[in-house]
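Chain letters run A, B, ... following the sequence lines, proteins first, then strands; residues in each count from 1.
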Amino acid sequence: MTVGAGTFSGTPVRRVEDPDLLRGAGTFVDNLKIDGMLSLSFVRSPIAHATIRSVDVTAAREMPGVVGVYSAADLELPDAPALMALHPAAIRPSLAKGTVNFVGDPVVAVVAETRAAAMDAAELVEIDYEPLGVVVDMEEALDRGSPAQFESLGGNVVIGLRTGSEDPLAGADVVVRGRFENQRVAVVPMEGSAIVVDPTGTDFDLTVHLSCQMPHVARAGLAKLLGMDQERVRVIAPHVGGAFGAKHLSAEGVVASKLALELGRPVKWVETRSENLVAMAHGRGQVQYVELGLRRDGTFVGMRCRMVGDAGGYGGFGGILVLGQTKLMAQGVYHIPAIAFDVAIVTTNTTPMGAYRGAGRPEAAAFVERIVDMAADELGIDPVELRRKNFIRPDEFPLTTVMGADYDSGDYGAALDEVLRLADYDALRREQDERRRRGDRMQLGIGVSTYVEVTGGGAEFSEVEVHDDGTITVKAGTSAHGQGHATAFSQIAADQFGVPIEQIRYVQSDTALVARGRGTGGSRSVQLGGTAVLQTSKLVVERAKELVAELLETAPEDVVVTGDGRLGVAGVPSKALSWGEVARVAAERGAPLLVQHDTERAGSTYPFGAHVAVVEVDMETGRVVPLRHVAVDDCGVIVNPMLVDGQVHGGLASGISQALWEQFLYDDDGNPITSTLAEYAMPSAAELPSFVTAHTETPSPLNDLGAKGIGESATVGSTPAVQNAVVDALSHLGVRHIDMPCTPERVWRAITAAQAGTLPDPWREPRPEMAGFPREGAAGEELERGAESVNL
Amino acid sequence: MVLVTVEVNGSSYQHEVEPRMLLVQYLRETLGLTGTNIGCDTSSCGACTVLLNGESVKSCTLLAVQADGAAIVTIEGLSGPDGALHPVQEAFHQHHALQCGYCTPGMVMAAVSLLAEEGELDERGVREGLEGNLCRCTGYHNIVRAVLACAGDRAPVGEVGAAGAAAS
């Protein structure tokens, strides 16, 4: 279960990736220059829903430097790629055909010798639109009369399904009810989407430099869409400026590829930030109706969930997450004996939905942890005690939940104990009491969350080779874009070979150099890619030991890795060969020290943790300031604690920001009103506090490292902790819920309503359409499996 | 077209540029100094921050022609003549203050400028001083630590090596 006898794993090795990035030598796609390369720009719809009556590209085509101007009618374009299809009817063309379905929908592609020429010409394209009815609100989209995007669906409901228990609240003494909005947010990697497609190379028909998370997945998708042999396509993910679930082959990437093939010249497309905020898939976007039944003593009896998931324009694949990971994780860290989970997934005239850091799991933890806090308020039980009372206990693992999740291992109480100790919870409560007694303008809010999420699953590839100069090349099919795999995976390998980390050369993210892989997403990389590197390294070491045994005339079991870069005979320090010498002999004998290996498919792992958020609420203005955030996250056995904490820090910022600030907004006509970074409320260093991070380490039994994912956990845990803290600051006034983001206006309105005795009921019945969906059948089960099989 | 004369990373350049060309485009496209990244189109993110006559500026807020006669340092010119990392770069490395690395050049240049401008810096000062630079990976935690570590070790920070590392 441990990594081995080496000295790197478990230590904060500084990143081997850093020097190039610090010197400005990054290889981000836009830095690439190829002779004869053309620039691509898009004309996008300024209208949320319309029929395209005509497209006039005459003036644009006449501009100097313009090579071609194309609408869907001018090119035989394949449909846009989708990681998962929501419904056979919900198809998105790569360029809009006949209608546009959201502001930002690409309609015309302009190719020119320079980016400036392409953008100038795009300004001259004239498109005549006939506006159609618009639906922006996902609950209004439930109405069969709402303006539909796909006639064959007869409305905007792509999937409507009732699942689980028929009567989950039976036997409850108390039922606590809440309607929660989990708002739409933008992903905002600092580098937007970018692609260079080169058809001029000799070794491949198409070489694609794509800012993405899963180059092999992108290659397979692109080859299929273009009808090419994927062995003739090379996809390289160079330095990637963040992805967070949203960077895959896009509709625009398919257009760029098609045009490069048509024109026989390299084509570059790099989206602007204003394009990125409407073109890159958005995340979250659910309305959650949740009812929790309890006995008077606080024991959970059952829960009824009725959920609406926004798929956005064309039915973006992110819409499925409510029926996938959100449903799977609806039980959280608790015993909830019966759960009903009804789902409506709808299209709206907004940016298509996709995955964003957590992809369905933050949405689950958000409603579970919110309803538990509401129940604690209702019953007058401390939220910490109510959680403890209903925890799944450490001796119950492995365990299959009523939602069908196979929890591998966990100790939820240990993480909670640790976070309360680090936060000094009792002292915080005392300070809160004092501030309330004094009637301070700045009130304290203390929010707790305990969460579990799901990561990884599947298999992964690795290749390890020892060269005759003693260096070792390590490859994995995962594809880092900031996570630090080159460092972490080198640590794992260096320990097995007993060599300094500098002797390892790590290779990833290029389909021509790495035979296969599933890329990075769903917090899968260390537990699967890292395990693949570990297993493959061990296979190489085994083979080397056999050879050394023969050369030094001893038994293979007596050969040891010496730790100074050699293989020797145990107890006989003088008898040893260097890795370079062994590799040379192996190569001479025609069996080089090279092993390719795929791990066996492993089940998903379930990281967990507990967070305490402390906020200050200005009772006169409603402004919320996050003062402290203490996070205890358990990702199993840790390879590099520095990298793990880095992942936690980023996850915390995203989670805190969703709770307090970020929201992608549209007006009633579907016009985005947060489509630049001047309007979208992404936080800077000035808004965020420093974080306190710690870890319990409960190994996963499902992989050789004992590791679980960590890339998204802190986002899952932090959002409800912060939201709970804001409500907690006002709970003495009778406030029971404030939707995210907890903006000053919303908080101020809650305070004002509480003082006037006009607080709104946090509950209302969902729309009647929800009751009319069919109960889960074979179709529904198939959809769920589809959602779980893709790592986002 | 307008003639522009600038000094970048210690070397002098003269180019005819379109009047509408942004400084960041001049650096990236004309000089080939692609270390300076573009992260937005509203001067909000700071990814393109460089030093102009010693002070940080978002190079997308300036036209190339406005930089006429100025001395500019980009991330490529920050390390010493021997290639050693500048103390701020080294602190970012030691404190794991970068992940994907896209905001990093701008963030480092903003930090160099902040450290040179402020006599004393506490955490609040660092956070507010870097308010114009966005990062999606780090939650800023380790960036703040890295800059505070430099603030506690003032001596080498004011120096900005001009290695003349222009690529063209």
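Residue contact with chain B, scored on non-hydrogen atoms closer than 4.5 Å, is absent for A:Asp645. Only the backbone of A:Val240 comes within less than 4.5 Å of a heavy atom in chain B; its side chain stays farther off. Heavy-atom distances place the side chain of B:Tyr140, and not its backbone, under 4.5 Å from chain A. Contacts of A:Ile656 with chain B are absent, with no heavy-atom separation under 4.5 Å from either backbone or side chain. Contacts of B:Arg20 with chain A are made by side-chain atoms alone, with heavy-atom separations under 4.5 Å and no backbone atom involved. Only the backbone of A:Val187 comes within less than 4.5 Å of a heavy atom of chain B; no side-chain atom from C-beta onward does. Neither the backbone nor the side chain of A:Pro12 comes within less than 4.5 Å of any heavy atom of chain B. Residue B:Glu123 touches chain A through its side chain alone, counting heavy-atom pairs closer than 4.5 Å. If you measure heavy-atom distances from A:His239 to chain B, you find no contacts under 4.5 Å at all. With a 4.5 angstrom heavy-atom cutoff, A:Phe691 touches chain B via backbone and side-chain atoms both. The parts of A:Leu677 that come within reach of chain B are both its backbone and its side chain, each placing non-hydrogen atoms under 4.5 angstrom from that chain. With a 4.5 angstrom heavy-atom cutoff, A:Ala678 touches chain B via backbone and side-chain atoms both.
Judged by distance alone, the side chains of A:Ser525 and A:Thr478 never bring a donor and an acceptor atom under 3.5 Å apart. Using modelled atom types and a 3.5 Å distance limit, the side chains of A:Ser211 and A:Glu191 yield a donor-acceptor pair. Side chains of A:Glu679 and A:Thr674: no donor on one and acceptor on the other come within 3.5 Å. Counted by atom type alone, B:Ser113 and B:Glu117 present one or more donor-acceptor pairs between their side chains at under 3.5 Å.
Other residues, nucleotides and ligands contribute at most 12 non-hydrogen atoms within 6.0 Å of the CD atom of B:Glu55.
Ion pair B:Arg127/B:Asp122 not flagged as a salt bridge, since none of the NZ, NE, NH1 or NH2 atoms sits closer than 4.0 Å to an Asp/Glu carboxylate oxygen. A salt bridge is defined here as a Lys NZ or Arg NE, NH1 or NH2 lying under 4.0 Å from an Asp or Glu carboxylate O, and A:Arg23 with B:Glu90 fails to meet this definition.
Between chain B and the options A:His481, A:Met642, A:Arg15, the largest number of non-hydrogen pairs under 4.5 Å is found for A:Arg15. For the set A:Ala653, A:Ala686, A:Pro689, the count of heavy-atom pairs under 4.5 angstrom toward chain B peaks at A:Ala686. Note on A:Pro19, A:Ala25, A:Ser654, A:Pro683: by heavy-atom pairs under 4.5 Å with chain B, the leading option is A:Pro683. Your options are A:Gly242, A:Gly26, A:Ser274, and the one with the most heavy-atom pairs under 4.5 Å with chain B is A:Ser274.
For B:His15 and B:Tyr26, the ring centers are positioned less than 6.0 Å apart.
Between B:Met109 and the choices B:Leu78, B:Val57, B:Thr104, the side-chain contact (heavy atoms from CB on, under 4.5 Å) rule is met once, by B:Leu78.
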